Engineer: 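Have a look at this one before I ask anything.
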Amino acid sequence: MKSDYVFSQRRSPDVERTRLRLLEAYHDPVSASQLDAIGVGEGWHCLDVGAGGGSVTRMLAERIGGAGSVLAVDLDTSLLDELASDRVEVRRLDLMHDQLPEAAFDLVHARLLLMFLSPRLGALERLVNAARPGGFVTSLAPDFGTAALSPSSLVWQRVWSRFLDAAIAGGWDPGYGARLRDDLRAAGLVDVHADYISRSAPGGSLLSRLLSLTIERLREHMIRIGADDGEIDEARRLLEDPASTIASPTTCVAHGRRPDCS
């Protein structure tokens with residue numbers, strides 16, 4: 001959620017909206033399980049930060065009933081505005097510069113957000129401050145360093161290395177999933193729980209298509225630091241080849257509780 005966000009919809013709106021739909025299809029089941037584990041239900045007041053396409057906002061609105069509320073915030077609310085209702089408020093907000101309500105929410109949710117912000121621990125502390133004492137903060141982040149293609153090739157290795165370098169050059173941490181659990185603790189949360197999820201899938205699968213489009217979105221950034229345009233095309237072809245096997249980035253899904261005032 002920053003103004004120069006590399007996956008901004010304004011750069012490639014059609015491609016990015018397709019990528020967002022794939023992200024939702026891939027991560028929504030995990031997010032739903034996390035909300036179940038926390039026990040989100042009737043009457044909860046929730047904050048969804050970096051709400052993106054709004055799939056988690058919808059989940060929350062269904063769970064909280066008429067007595068609850070959801071505040072969904074993002075830099076770009078174009079995909080969220082239609083969700084506004086008597087229980088959902090949509091607001092344009094930059095987490096690093098705009099004020100959030102303090103100690104106001106039973107749940108603060110931020111999926112695939114912290115990896116793009118800096119300083120990350122400072123961003124997380126802002127989320128913690130928005131939770132009421134005893135309230136929950138939950139987040140999800142991948143570690144792209146664990147992704148692998150089999151059978152591998154020099155082309156794939158070069159392209160993937162350029163992808164990771166382009167991500168770092170763009171200001172985000174592609175390995176943040178490995179830090180997330182400890183950062184929740186460092187931000188002052190207690191009762192921190194974390195699950196680490198790895199998957200394997202053939203080329204052409206949901207996972208493969210998501211990785212392929214993510215590489216495509218970073219194509220210009222990768223070329224600027226030395227990637228070859230044709231090799232990027234070949235890497236995307238390998239991701240779509242059913243003979244390939246993709247090991248996913250390891251996803252950390254974690255939550256903790258803000259300590260009670262007592």
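Since this is a predicted model, take the numbers as computed values, not measurements.
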Engineer: Under a 4.5 Å cut-off applied to non-hydrogen side-chain atoms, are E231 and S153 in contact?
Structural biologist: no
Engineer: Could you check whether the rings of H193 and H255 sit parallel, tilted or perpendicular, using 30° and 60° as the cut-offs?
Structural biologist: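 Ring orientation, 0 to 90° scale: parallel.
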Engineer: For the residue pair R21 and T18, confirm or rule out a side-chain donor-acceptor distance under 3.5 Å.
Structural biologist: yes
Engineer: Do L218 and I232 belong together in a cluster built from hydrophobic side chains that touch within less than 4.5 Å?
Structural biologist: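 Same cluster: L218 reaches I232 through Ile, Leu, Val, Met, Phe, Trp or Tyr contacts under 4.5 Å.
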Engineer: Could you pull out the closest heavy-atom pair between G54 and L80, with the gap in Å?
Structural biologist: CA-CD2, 3.5 Å
Engineer: Under 3.5 Å, is there a donor-acceptor pair linking the side chains of H45 and S69?
Structural biologist: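 Yes, side-chain donor-acceptor contact under 3.5 Å.
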Engineer: Please assess S205 against R199 for the test side-chain hydrogen bond (donor to acceptor under 3.5 Å, both in side chains), listing each intermediate value before the final yes or no.
Structural biologist: CA-CA 11 Å; S205 63; R199 303 174 185 174; over 6 Å; no
Engineer: In plain terms, say whether R63 and D36 are close enough for a salt bridge, that is, a side-chain N and a carboxylate O under 4.0 Å apart.
Structural biologist: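 Counted as a salt bridge, because a side-chain N and a carboxylate O are separated by less than 4.0 Å.
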Engineer: Are Y196 and V30 linked, directly or through intermediate hydrophobic residues, by side-chain heavy-atom contacts shorter than 4.5 Å (ILVMFWY only)?
Structural biologist: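 Shared cluster, no.
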Engineer: Under 3.5 Å, is there a donor on one side chain and an acceptor on the other for D183 and Y176?
Structural biologist: yes
Engineer: For the atom pair CG (D195) and CZ (R181), what is the distance rounded to the nearest 0.5 Å?
Structural biologist: 11.0 Å
Engineer: Can we say R91 and D98 salt-bridge, meaning some charged N sits less than 4.0 Å from an Asp/Glu carboxylate O?
Structural biologist: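 Salt bridge absent between R91 and D98.
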Engineer: Would you mind reporting whether L210 and L207 have side-chain heavy atoms less than 4.5 Å apart?
Structural biologist: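 Counting from C-beta outward, L207 and L210 never come under 4.5 Å.
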Engineer: Check the pair R17 / E24 against salt bridge (charged side-chain N to carboxylate O under 4.0 Å, His left out), numbers first and verdict last.
Structural biologist: CA-CA 11 Å; R17 291 187 181 206; E24 290 177 346; over 6 Å; no
Engineer: For the residue pair A130 and L47, what are the closest heavy atoms and their distance?
Structural biologist: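 Heavy atoms of A130 and L47 come nearest at CB-CD2, 4.0 Å.
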Engineer: Is it true that a side-chain atom of S85 and a backbone atom of V88 form a donor plus acceptor pair closer than 3.5 Å?
Structural biologist: yes
Engineer: State the CG-CG distance between L75 and D94, to the nearest 0.5 angstrom.
Structural biologist: 5.0 Å
Engineer: Between the side chain of T251 and the main-chain N/O of P142, is any donor-acceptor distance below 3.5 Å?
Structural biologist: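 Answer holds: no.
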Engineer: Verify salt bridge (charged side-chain N to carboxylate O under 4.0 Å, His left out) between R237 and E240, making sure each step is shown before the conclusion.
Structural biologist: CA-CA 5 Å; R237 186 197 68 76; E240 294 159 8; over 6 Å; no
Engineer: Go through D229 and R219 one step at a time and tell me if the salt bridge (charged side-chain N to carboxylate O under 4.0 Å, His left out) criterion holds.
Structural biologist: CA-CA 8 Å; D229 207 33; R219 180 186 289 265; 2.6 Å; yes
Engineer: Is the closest side-chain heavy-atom distance between T214 and F163 below 4.5 Å?
Structural biologist: yes
Engineer: State yes or no: do I38 and L114 share one hydrophobic cluster built from I, L, V, M, F, W and Y residues joined by side-chain heavy-atom distances below 4.5 Å, directly or via other members?
Structural biologist: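 No; L114 is not reachable from I38 via cluster members.
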Engineer: Does one hydrophobic cluster hold both I215 and L213, with members joined at side-chain heavy-atom distances below 4.5 Å?
Structural biologist: yes
Engineer: Could you give me the CA-CA distance, side-chain angles and deciding distance for D165 and R162, then say whether salt bridge (charged side-chain N to carboxylate O under 4.0 Å, His left out) is met?
Structural biologist: CA-CA 5 Å; D165 283 345; R162 296 291 191 192; 5.2 Å; no
Engineer: Evaluate the side-chain proximity of V73 to L95: yes if any heavy-atom separation is below 4.5 Å, no if none is.
Structural biologist: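 They are not in contact (no side-chain heavy atoms under 4.5 Å apart), so the answer is no.
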Engineer: Does Q157, at its CD atom, have more than 12 non-hydrogen atoms belonging to other residues, nucleotides or ligands within less than 6.0 Å?
Structural biologist: yes
Engineer: Considering non-hydrogen atoms only, spot the tightest contact between L121 and A186 and give its length.
Structural biologist: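 Minimum heavy-atom separation between L121 and A186: CD1-CB, 4.0 Å.
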Engineer: State plainly whether the residues D81 and R92 are in salt-bridge range, i.e. N to O under 4.0 Å.
Structural biologist: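 Salt bridge absent between D81 and R92.
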Engineer: Looking at residues at least two apart in the chain, or sitting in another chain, which of them share a side-chain contact (heavy atoms from CB on, under 4.5 Å) with A235?
Structural biologist: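 For A235 the side-chain contact (heavy atoms from CB on, under 4.5 Å) partners, ignoring immediate neighbours, are W156, V159.
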Engineer: Keeping to residues at least two apart or across chains, list the side-chain hydrogen bond (donor to acceptor under 3.5 Å, both in side chains) pairs with something in residues 121-135.
Structural biologist: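 For residues 121-135: D106-R132.
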Engineer: Kindly say whether P202 contributes a backbone atom to a donor-acceptor pair with the side chain of S208 at under 3.5 angstrom?
Structural biologist: yes
Engineer: Indicate yes or no: at least one non-hydrogen side-chain atom of I168 is less than 4.5 angstrom from one of P174.
Structural biologist: yes
Engineer: Does one hydrophobic cluster hold both Y26 and V15, with members joined at side-chain heavy-atom distances below 4.5 Å?
Structural biologist: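 Yes, same cluster.
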Engineer: List the atom of A110, the atom of L127, and the distance in Å for their closest heavy-atom pair.
Structural biologist: CB-CD1, 3.7 Å
Engineer: Working to the nearest 0.5 Å, report the span between CG of L164 and CE of M222.
Structural biologist: 9.0 Å
Engineer: Do L211 and S248 come within less than 4.5 Å of each other through their side chains, counting heavy atoms only?
Structural biologist: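 The answer is no, as the side chains (C-beta and beyond) never meet within the 4.5 Å cut-off.
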Engineer: Any side-chain donor-acceptor pair under 3.5 Å between T250 and S198?
Structural biologist: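 Yes, side-chain donor-acceptor contact under 3.5 Å.
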Engineer: Kindly indicate whether the side chain of L107, heavy atoms from C-beta on, has any atom under 4.5 Å from the side chain of L35.
Structural biologist: yes
Engineer: Rounded to the nearest 0.5 Å, what separation is found between the CG atom of L238 and the OG atom of S244?
Structural biologist: 5.0 Å
Engineer: For G134, is there any backbone N or O sitting under 3.5 Å from a side-chain donor or acceptor partner on R258?
Structural biologist: no
Engineer: Going by atom types alone, do R236 and S212 pair a side-chain donor with an acceptor below 3.5 Å?
Structural biologist: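 Judged by distance alone, the side chains do pair up.
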Engineer: Side chain to side chain contact (heavy atoms under 4.5 Å, CB included) for L100 and F105? Distances and angles first, verdict last.
Structural biologist: CA-CA 10 Å; L100 285 171; F105 300 98; 5.8 Å; no
Engineer: Show the nearest heavy-atom pair for residues S31 and M59, with the distance to one decimal.
Structural biologist: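 Between these two residues, the closest heavy atoms are CB-CE, 4.3 Å.
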Engineer: Indicate the atoms forming the closest heavy-atom contact of V40 with C46, along with that distance.
Structural biologist: CG1-SG, 4.2 Å
Engineer: Please state whether the rings of W160 and F144 are parallel, tilted or perpendicular, taking 30° and 60° as the class boundaries.
Structural biologist: tilted
Engineer: Measure the OG-CD distance between S139 and Q34 for me, rounded to the nearest 0.5 Å.
Structural biologist: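 CD of Q34 is found 9.5 Å from OG of S139.
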Engineer: Taking ring pair (Phe, Tyr, Trp, His ring centres under 6.0 Å) as the cut-off, I'd like each qualifying pair that reaches into residues 68-103, sequence neighbours left out, listed once.
Structural biologist: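 Passing the test, one end in residues 68-103: no pairs.
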Engineer: Hey, are the side chains of R120 and L180 touching, using non-hydrogen atoms and a 4.5 Å cut-off?
Structural biologist: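 R120 vs L180: side chains apart.
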Engineer: Nearest 0.5 Å, what's the CZ-CD1 distance between R209 and I246?
Structural biologist: 12.5 Å
